[in-house]
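What follows is a single structure, written as structure tokens, with notes after it.
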Amino acid sequence: MDPLAQLNPAQQEAVLTGAGPLLVLAGAGTGKTRVITFRIAELIRRGTPADRILSVTFTNKAAREMHQRATSLLGRSSATQPVICTFHALCVRILRQEITALGYPKHFSIYDRGDQESTARTTLREIQVSDQTLRPADLLHRISRWKTAGVPPERAADYVENDQDFLAAVAYRKYQAALRSSGAVDFDDLLLVTRQLFDEHPQILRKYQRSFEYIQIDEYQDTNAAQFYLISALVKPHHNLCVVGDDDQSIYGWRGAEVTHILNFQKQFPQAKVVRLQDNYRCTDEILQLANRLVRHNRGRHEKTLVAHKHNGRKIRFLEYEDEHQEAEQLVREIQHLNTELNVPAGHIAILFRTNEQPRPVEAQLRQHNVRYVLIGGQSFFDRREIRDILAYLKAIAFPNDEPSLLRIVNVPARGIGNSTMHKLIQRSVASGQSLWHAFDEAASQRAIPARAASSLQALKQTLESYRQRFRRRPSALHATLSDLISEIGYHSEIEKHYKSAEQQTARKAMLASLIDTVKDYCTRAGKPSLVTFLQDTSLVGRDDESDKEEQLSENAVKLMTLHSAKGLEFPHVYMIGMEEGLLPHRRSIIGSESAIAEERRLTYVGVTRAMDQLTLTRATGRMKWGKRRPSLPSRFLHEMQHEQPAVPAADQTGDSQDLAAHDG
DNA sequence: AAGGAGGGTTTTTTT
DNA sequence: AACCCTCCTT
């Protein structure tokens with residue numbers, strides 16, 4: 001049987017379109033992942049080598065899933081694998097090969113959020129800005145905006161609007177210099193450095209242009225300027241670019257995503273073919289109507305008419321409770337009922353929320369009632385103190401210039417190296433433009449630091465150096481070396497000192513054991529394991545690495561996640577909790593512009609359209625905030641989705657698409 | 001330098 | 001309520 005027969009005409013059209021630019025406007029639940037995977041298979045069937053097809057997804061999870069689907073569709077027939085990854089992973093893939101062309105060390109480290117914050121803090125201290133005037137997080141936010149918009153440190157001063165911006169512009173320069181001198185890149189740099197590589201080395205760009213014959217991008221509405229630039233460069237010779245997205249689901253404006261890319265695709269590629277997927281197979285008619293009524297309140301969007309294929313669904317419910325505890329209690333009671341009385345598997349249920357503090361009371365209830373659940377994202381494995389400490393050791397070993405990691409571990413466990421010593425060394429290192437270790441050698445020979453601290457630092461330096469060798473010598477047994485390292489630095493006693501209860505201690509030690517397991521897994525899986533590669537992969541995949549384990553484990557567990565991480569998923573039963581002003585829309589968006597509210601509205605739209613059969617929206621009339629109970633009002637979106645939109649002047653309806661570009665995250 | 005007490009602040013969303 | 005930072009004592 002022809003597998004294409006499973007698809008509707010619009011889907012088939014998208015799949016069968018060959019060369020040239022293609023825009024697929026895919027509403028929620030219209031099977032876009034399916035279309036992309038079928039397209040990959042079709043291109044291969046027509047003779048394109050699999051590894052010449054690049055598909056970019058938005059999350060690692062989506063990449064994994066798409067990869068699975070594609071390989072099951074292809075069967076054993078193909079010798080090579082299609083390339084399916086995120087933008088960031090694509091850049092790392094390229095930079096691992098080419099970064100030395102830009103004068104970076106071959107083994108560059110990738111700064112995660114913690115490293116970024118630590119560098120930001122040092123930077124601010126250096127230019128003597130207290131972190132009350134400009135908090136590290138605010139600085140990083142501004143830097144990220146500049147970076148994604150393609151503004152280099154030298155030019156940031158031109159984009160200054162207030163005092164904080166001014167300070168940030170100064171700090172940006174220092175921050176970038178610090179990264180540069182440690183041979184490190186942050187997340188945004190991965191894209192920018194790749195862009196720089198393409199700009200300055202046309203022959204490298206040509207190489208990658210040739211290596212990818214077809215490029216597909218999922219969630220195109222969420223691409224930022226840097227990603228857009230990379231893709232434009234890569235497809236220049238052939239324009240074999242297929243983008244798939246939905247402007248109504250653009251929820252990353254705050255991170256530099258620009259809807260204009262999807263809205264202007266036809267301007268950029270006038271010969272582009274456009275296919276609309278409007279048959280929704282996911283939601284019931286009722287749910288879809290609710291979603292449509294809501295999103296129609298936004299201006300300047302592509303009007304779409306999603307057609308539901310499921311009818312006579314369950315009634316949508318709007319529930320109200322006294323506070324978040326009531327909300328959680330009733331929610332869990334109902335889940336138990338669904339579970340035990342109605343035989344609904346736990347895995348069919350999702351609880352969605354706006355902020356990461358919201359699931360706390362729900363988690364407590366779920367645990368109390370022994371309901372299996374997984375919290376997706378949020379505080380997890382790689383955020384644990386022990387894990388971060390040990391990873392910092394590994395990074396300090398793999399990347400001798402990685403300052404944030406060194407600063408983190410230098411006195412953990414305590415070994416007599418105090419703040420004043422480190423301050424002195426940092427100052428010296430900044431003044432001389434040399435690394436911290438270099439500053440230490442100098443200071444030690446001048447006897448400028450206390451003898452005890454000096455000898456401890458010397459010992460640490462030797463330990464790190466010797467493990468650097470050991471890791472290098474036995475790349476296939478990284479886990480064994482890691483285990484040695486943990487005992488050598490005495491981390492177990494550090495845990496015993498820190499946590500009093502035996503329960504805590506075993507739990508924390510178990511963390512270490514599972515980190516060793518993770519490394520072991522990596523060693524067996526990776527073709528050519530190395531500490532550097534492990535660390536680079538880890539910082540990319542980060543917290544969602546656990547999902548391998550979790551995925552099997554969670555087959556049948558209630559899923560808790562933010563609205564943002566719910567994008568692209570679907571569940572038979574969806575609960576959206578905390579439908580209140582201040583939470584959804586979030587208070588920060590209410591202070592902001594109209595476009596910020598519009599993004600919150602799209603976020604709500606995303607949430608509503610996750611539901612296949614049963615949708616429940618709950619709210620509390622009051623909520624604890626900073627230790628006090630505060631009353632909260634129903635979300636404006638609840639009203640909007642239940643009532644037809646009052647007549648809107650025609651001008652508003654057609655609103656210039658530029659409106660949407662004016663996000664200000 | 002280490003550890004503990006007290007005070008002030010905070011979380012929007014993430015690759 | 002929880003966390004982080006700073007200051008204070010040892």
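All chains are named by letter (A, B, ...) in the order of the sequence lines, taking the proteins before the strands, and each is independently numbered beginning at 1.
Under 4.0 angstrom from either OP1 or OP2 of B/dT14 there lies no side-chain N or O belonging to A/Thr59. For the pair A/Arg135 and B/dT10, the criterion of a side-chain N or O lying under 4.0 Å from OP1 or OP2 is met. A/Asn224 has no side-chain polar atom (N or O) that falls below the 4.0 Å cut-off from OP1 or OP2 of B/dT15. An OP1 or OP2 oxygen of C/dC5 is reached within less than 4.0 angstrom by a side-chain nitrogen or oxygen of A/Arg121. For A/Thr421 and B/dA1, the shortest distance from a side-chain N or O to OP1 or OP2 is below 4.0 Å.
Between the P atom of B/dT13 and the CZ atom of A/Phe58 lies a distance of 15 Å, rounded to the nearest Å.
Pairs of residues two or more places apart, or lying in two chains, that qualify as salt bridge (Lys or Arg N to Asp or Glu O under 4.0 Å) and include a residue from residues 579-593 of chain A are A/Glu580-A/Arg623, A/Glu581-A/Arg636.
Using the six-membered ring where Trp is involved, A/Trp146 and A/Tyr172 have ring planes that are parallel, under 30° apart on the 30 and 60° scheme. Note: A/His261 and A/Phe228 have parallel aromatic rings, judged against thresholds of 30 and 60 degrees for the angle between ring planes.
For A/Asp246, the salt bridge (charged side-chain N to carboxylate O under 4.0 Å, His left out) partners are A/Lys304, not counting sequence neighbours.
Of the charged side-chain nitrogens involved, at least one lies within less than 4.0 Å of a carboxylate oxygen, so that A/Arg96 and A/Asp537 count as a salt-bridged pair.
Nucleotides B/dT11 and C/dT6 are separated by 22 Å at their C1' atoms, to the nearest Å. One P atom belongs to B/dT13, the other to C/dC4, and the distance between them is 15 Å to the nearest Å.
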Taking N or O atoms only and anything under 3.5 Å, show me the protein contacts with nucleotides 2-6 of chain B, one pair per line.
{"from": "B/dA2", "atom 1": "OP1", "to": "A/Gly416", "atom 2": "N", "distance (Å)": "3.0"}
{"from": "B/dA2", "atom 1": "OP2", "to": "A/Asn411", "atom 2": "ND2", "distance (Å)": "2.8"}

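In this structure, A/Leu407 CG and A/Arg121 CZ are separated by 11.5 Å, a value rounded to the nearest 0.5 Å.
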